[in-house]
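All remarks here apply to the structure that follows.
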Amino acid sequence: MKTLKTTLWKYVCVTACCMCSLYGLAQPSALPPFTPPPPVPPAAPEGSVPMGDPEAFPEVKLDFPMEPGPFEPTWESIHAHYADYPAWLREAKFGCWVHFGPQAAGMSGDWYAKRMYEEGEKAYINHIRDFGHPATEGHGYKDILRTWNPEKYDPERLVEIYRDAGARFLFIQGVHHDNFDLWDSKYQPWNSVRMGPRRDLLAEWSKAVRRAGMHYGVTFHHEYTWWWWESAFRSDREGPYAGMTYDGALTQADPAGQWWEDVDLRMLYGPNFRGYAGIGTERWAPVKGIFTQHADYARWYATNWALRILDAIERYDPDFIYTDGNSTQPFSGYLSGTGYKCDAAQRLIASYYNRALRLRGKTDVFSIVKFHPAGRRGIVTTFENQYPDGIKTDQAWIGENPVGDWYYAPGFTYSAAAVIRFLLECVSRDGCYAVSIPIRPDGSLEPECEQMLKETGNWMKINGDGIYGSKAWKKPGEGKDGKLRLLPHGAVGKKMADFTFGPEDFRFTEGKDGNVYAYCLSVPDRETGLSIVSLGRRAGLLDSAVASVELLGYGGKIAWKQDDDALHITCPDVSDTLNTAVCFRIRTK
């Protein structure tokens, strides 16, 4: 019955989609008008209010409008009705992160907006040096938003650079934890059209990506902004500004005569939650808890969170959406989901998928929810700064890491070799890979960064047959004495760039042509004998004997022999033409 219901709904959606397209009626579903945040109680003394227990707190069911269809706002319905993941994701394999926004202005790496208010942090020191003390007028983060203007930011050119580097999909940041929307947002007046660059950056990216024939998703990191911004309500503990609160406290003040008087500061910094025990005590996320004294605000906040995402979906029709965090879902009451427990994510995702059925005739979109349980359809996960230990096929996944850090800072190490090897660690385990490229405050790339991307693209042009459209082979790879030597986890940097592999270190994929691709993670010296134990007859991993061996990027014949112990290959002299990792295409009879 469930299958029949889904089939009938798909028929109705396809028919409606065709009729709407024919008559120009494929209009987005109506979203409600913006509603300002409700009043909140006065801030309590720091740490004086115990947070509620999320285990005992029933999940709140929200009621914001959603697209009708077979997907209902429950994880069970999402998993049951979602079909296969879009074929383009496996085909694309390699992508780039556009993790860029006004926080780049601080040139201090990730979480600049929060840490510029944390005494002693690098971002705090740099902010005072470059802009002024955050307790003084005109030197808060809100003022960065007013003046930030990346004049050299050119999505059209960056798309071309990323595609030439081999990327086939992009992550485009829509809003980071700083709460600043990078589009003409209906639900957030603090946005890039109203202030700062006065540009709809998502619109620019969307047009550029579509023209290039690539896929893209929009990323949303504002689910835990409400407790993330607690630092803006602090003050220095010592020194000449001790006790002078930062500009988060201005949310309670009279804005008359200020440049921001027509833009509600509560929509940027939110309320002061430092009264709750556990807020402001952890460097990353709180352990858990419910903001029990802010029930009305919490409901408004979760609803506004979802409406902002739905607004971007309606405007730009992305191929996927991404929510950040280290909990199993946004608004879980645990870790990054601290504060509330509700079905905002389920309702949002169900609406997104129903919309895809209406407009596309199929659910060829997906949602990324980090740390969502494996084995369920409809949700993709990511591995930040790492990759699984072994082959992972129980859910679609993407390895992700930044070059240097998630926002620009001087002195990054740019290494095409590190990017390529991290890609191989991911695809050999059946994943995809997206690398974040650091963009300078003015919107440009450092010359060394462009060179890294050019070198990556040159390597992909030679070796991409075993990457694009590939899947994991029967094992991810092999190493000396049967031990798999692994590229270090973390951001792309000096440690990863300096890590060396030997001629016995291999990663395997199965190409879309059905052949095995064996990537040696180094470039062997001339006449070096390579022995791939996994491809020997005794290993029993090949369905039939090896028929031919080809070195990608080399036009000559390869000397090879398969016996019980291994596939033995004599590597020709390719050190002047190939780099980083060489790839052998193994054909069987």
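Atom set for the values below is all heavy atoms of this structure, side chains included, hydrogens, waters and symmetry mates excluded. Along the sequence shown, residues are numbered consecutively beginning with 1.
- The shortest side-chain heavy-atom distance between Tyr352 and Ile321 falls under the 4.5 Å cut-off.
- Under the 3.5 Å distance criterion, the side-chain polar atoms of Asn515 are left unmatched by any main-chain donor or acceptor of Gly511.
- Remark: the backbone N or O of Lys471 is not paired with any side-chain donor or acceptor of Asp430 at under 3.5 angstrom.
- Contact detail for Thr509 and Gly466: the closest heavy-atom pair is OG1-O, 2.8 Å.
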Item to complete: Would you please test Arg429 and Tyr387 for side chain to side chain donor-acceptor pair (under 3.5 Å) and show each step?
Response: CA-CA 8 Å; Arg429 291 164 170 80; Tyr387 45 83; 5.2 Å; no

Discussion item. Working note: Tyr216 + Trp205, criterion ring pair (Phe, Tyr, Trp, His ring centres under 6.0 Å); need CA distance, chi angles, decisive distance, verdict.
Written reply: CA-CA 9 Å; Tyr216 83 102; Trp205 277 106; 9.0 Å; no

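- In this structure, the side chain to side chain contact (heavy atoms under 4.5 Å, CB included) partners of Ser534, at least two apart in sequence or on a different chain, are Trp473, Lys475, Glu478, Phe508, Leu541.
- In summary, the side chains of Glu400 and Thr382 do present a donor paired with an acceptor at a separation below 3.5 Å, with no hydrogens or angles considered.
- With sequence neighbours left out, Asp324 forms a side chain to side chain contact (heavy atoms under 4.5 Å, CB included) with His177, His221, Tyr224, Tyr322, Lys370.
- Between the side chain of Tyr468 and the backbone N or O of Gly166, at least one donor-acceptor pair lies under 3.5 Å.
- The backbone N or O of Ala566 lies less than 3.5 Å from a partner atom in the side chain of Asp563, making a donor-acceptor pair.
- With hydrogens and angles left out, the side-chain atoms of Tyr433 and Glu425 include no donor and acceptor closer than 3.5 Å.
- Look at Glu160 and Arg211 and you find no salt bridge, because none of the NZ, NE, NH1 or NH2 atoms lies under 4.0 Å from a carboxylate O.
- Judged purely by atom type and a 3.5 angstrom limit, Tyr85 uses its side chain to pair as donor or acceptor with the backbone of Gly378.
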Considering only distance and modelled atom types, tabulate donor-acceptor pairs under 3.5 Å from the side chains of residues 457-464, sequence neighbours left out.
{"residue": "Asn458", "atom": "ND2", "partner": "Lys454", "partner atom": "O", "Å": "3.4"}
{"residue": "Trp459", "atom": "NE1", "partner": "Asn579", "partner atom": "O", "Å": "3.4"}
{"residue": "Trp459", "atom": "NE1", "partner": "Ala581", "partner atom": "O", "Å": "2.9"}
{"residue": "Lys461", "atom": "NZ", "partner": "Asp164", "partner atom": "O", "Å": "3.4"}
{"residue": "Asn463", "atom": "ND2", "partner": "Trp459", "partner atom": "O", "Å": "3.0"}

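- Taking the six-membered ring where the residue is Trp, Phe499 and Phe501 present perpendicular rings, their angle passing 60° and hence far from 30°.
- Leu201 is listed as a side-chain neighbour of Tyr153, based on a closest heavy-atom distance under 4.5 Å.
- Looking only at distances, a side-chain donor or acceptor of Ser336 sits under 3.5 Å from a matching main-chain atom of Asn326.
- A donor-acceptor pair is defined here as one N or O able to donate and one able to accept, closer than 3.5 Å; no such pair exists between the side chain of Asp394 and the backbone of Gly375.
- In this view, Ala409 and Phe412 satisfy the side chain to side chain contact (heavy atoms under 4.5 Å, CB included) rule, not counting sequence neighbours.
- Applying the ring-ring contact (aromatic ring centres under 6.0 Å, His included) test to Trp406 and every residue at least two apart in sequence or in another chain returns Trp97, His99.
- Looking at Ser206, its side chain never comes within 3.5 Å of a backbone N or O of Ala203 through a donor-acceptor pair.
- Side chain of Thr363 to backbone of Val365: no donor-acceptor contact under 3.5 angstrom is found.
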Item to complete: Would you check, one step at a time, whether the test side chain to side chain donor-acceptor pair (under 3.5 Å) holds for Tyr316 with Asp200?
Response: CA-CA 11 Å; Tyr316 312 110; Asp200 189 328; 2.7 Å; yes

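- For the side-chain contact (heavy atoms from CB on, under 4.5 Å) criterion with Glu118, the lone passing option out of Met116, Lys122, Arg115 is Arg115.
- In this model, no donor atom of one side chain and acceptor atom of the other lie less than 3.5 Å apart for Gln451 and Tyr414.
- Judged purely by atom type and a 3.5 angstrom limit, Arg507 has no side-chain atom pairing as donor or acceptor with the backbone of Ala518.
- Exactly one of His215, Met214, Arg168 qualifies for a side-chain contact (heavy atoms from CB on, under 4.5 Å) with Trp88. That residue is His215.
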Do any side-chain atoms of residues 554-561 form donor-acceptor pairs under 3.5 angstrom with protein atoms, and if so which ones, sequence neighbours left out?
none

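- A tilted orientation is assigned to the rings of Trp75 and His372, their planes being inclined by 30° to 60°.
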